[in-house]
Amino acid sequence: VQLQASGGGLVQAGGSLRLSCASSGRTFSSVAMGWFRQAPGNEREFVAAISWSGVYTLYGDSVKGRFTTSRDNAKNTVYLQMNSLKPEDTAVYYCAAGGVVVGIPRGYDYWGQGTLVTVSS
């Protein structure tokens with residue numbers, strides 16, 4: 001499974017961005033997908049995850065109510081809609097593929113290259 005994240009950029013606080021993560025693997029529809037982020041000097045932080053069917057989702061406490069993850073298995077793509085962005089959301093965002101919906105990095109086997117999100121105050 002190869003993953004390509006995109007959609008990052010510079011946005012003002014309070015704004016929105018939508019990240020995409022495209023998969024080249026034929027097994028995309030059978031894997032859970034997760035989003036993590038990492039700011040300079042910080043550990044990788046769980047953001048969101050979605051089951052293979054899209055029915056189950058899980059969110060990190062810091063993004064609940066502001067971020068939404070979804071997927072389109074026909075397009076082999078998972079999305080992260082980020083609203084009400086804050087400067088502390090600034091980080092490199094990674095998508096990952098794994099077997100179950102979990103909030104820890106070691107639960108995922110494949111990782112994308114990351115896309116930078118910068119939120120200005």
Side-chain angles (χ1 to χ4, degrees):
V1 176
Q2 291 185 326
L3 305 173
Q4 179 78 34
S6 62
L10 174 64
V11 63
Q12 289 188 331
S16 298
L17 276 178
R18 188 177 81 156
L19 305 184
S20 299
C21 176
S23 170
S24 61
R26 292 185 294 177
T27 59
F28 177 81
S29 61
S30 63
V31 297
M33 295 296 297
W35 290 96
F36 291 79
R37 67 186 182 185
Q38 189 165 19
N42 290 359
E43 293 186 353
R44 194 160 293 191
E45 177 189 7
F46 171 68
V47 175
I50 187 167
S51 63
W52 66 270
S53 65
V55 171
Y56 300 104
T57 55
L58 183 68
Y59 294 94
D61 289 341
S62 61
V63 306
K64 281 181 182 176
R66 299 188 298 122
F67 291 11
T68 302
T69 188
S70 60
R71 65 191 296 162
D72 185 339
N73 287 342
K75 295 182 179 180
N76 281 7
T77 302
V78 63
Y79 304 99
L80 183 68
Q81 178 67 43
M82 306 185 295
N83 298 328
S84 302
L85 283 162
K86 305 175 182 179
E88 51 264 44
D89 294 319
T90 295
V92 176
Y93 284 70
Y94 299 89
C95 58
V100 294
V101 176
V102 292
I104 54 176
R106 66 174 182 268
Y108 296 85
D109 303 310
Y110 304 96
W111 292 81
Q113 86 292 354
T115 185
L116 177 62
V117 172
T118 303
V119 184
S120 63
S121 58

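The first residue of the sequence shown is numbered 1, and numbering continues consecutively from there. Note that the structure is predicted; figures quoted are calculated from it, not measured. Both backbone and side-chain heavy atoms feed into the values below; hydrogens, waters and symmetry mates do not.
- Every residue two or more places apart in sequence or in another chain was checked for a ring-ring contact (aromatic ring centres under 6.0 Å, His included) with Trp52, and none qualifies.
- Contacts of Ser51 classified as side chain to side chain donor-acceptor pair (under 3.5 Å), with partners at least two apart in sequence or in another chain: Ser53.
- Listed by first and then second residue, the salt bridge (Lys or Arg N to Asp or Glu O under 4.0 Å) pairs involving residues 50-61 are Asp61-Lys64 (not counting sequence neighbours).
- For Ala39, the side chain to side chain contact (heavy atoms under 4.5 Å, CB included) partners are Asn42, Ala91, not counting sequence neighbours.
- Take Arg44 and apply the salt bridge (charged side-chain N to carboxylate O under 4.0 Å, His left out) test, not counting sequence neighbours, and it matches no residue.
- Scanning for side chain to side chain donor-acceptor pair (under 3.5 Å) contacts around Asp89 gives Arg37, Arg66, with sequence neighbours left out.
- In this structure, the side chain of Thr57 does not engage the main chain of Ala49 through any donor-acceptor pair within 3.5 Å.
- Between the OG1 atom in Thr115 and the CD atom in Gln4 there is a gap of 9.0 Å [rounded to 0.5 Å].
- Within the hydrophobic cluster formed by Ile, Leu, Val, Met, Phe, Trp and Tyr side chains joined at under 4.5 Å, directly or through other members, Phe28 is accompanied by Val1, Leu3, Val11, Leu17, Leu19, Val31, Met33, Trp35, Val47, Ile50, Tyr59, Val63, Phe67, Val78, Leu80, Met82, Leu85, Tyr93, Tyr110, Val117, Val119.
- To the nearest 0.5 Å, atom OH of residue Tyr79 and atom CG of residue Asp72 are 5.0 Å apart.
- By the side chain to side chain contact (heavy atoms under 4.5 Å, CB included) test, Ser29 pairs with Asn73, sequence neighbours left out.
- A distance of 8.0 Å separates OG1 in Thr90 from CG in Leu116, rounded to the nearest 0.5 Å.
- Sorted by first then second residue, the disulfide (SG to SG under 2.5 Å) pairs that include residues 28-91, not counting sequence neighbours, number zero.
- Looking at Gln113, its side chain does come within 3.5 Å of a backbone N or O of Ala5 through a donor-acceptor pair.
- Residue pairs satisfying the disulfide (SG to SG under 2.5 Å) criterion with at least one member in residues 10-56, sequence neighbours excluded, are listed as follows: Cys21-Cys95.
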Donor-acceptor pairs under 3.5 angstrom involving side-chain atoms of residues 99-109: please list them, not counting sequence neighbours.
from, atom 1, to, atom 2, distance (Å)
Tyr108, OH, Val102, N, 3.4
Tyr108, OH, Val102, O, 2.6

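- No more than 12 heavy atoms of other residues, nucleotides or ligands sit less than 6.0 Å from atom CD of Gln2.
- Residue pairs that meet the side-chain hydrogen bond (donor to acceptor under 3.5 Å, both in side chains) test with at least one member in residues 8-23, sequence neighbours left out, are Ser16-Asn83.
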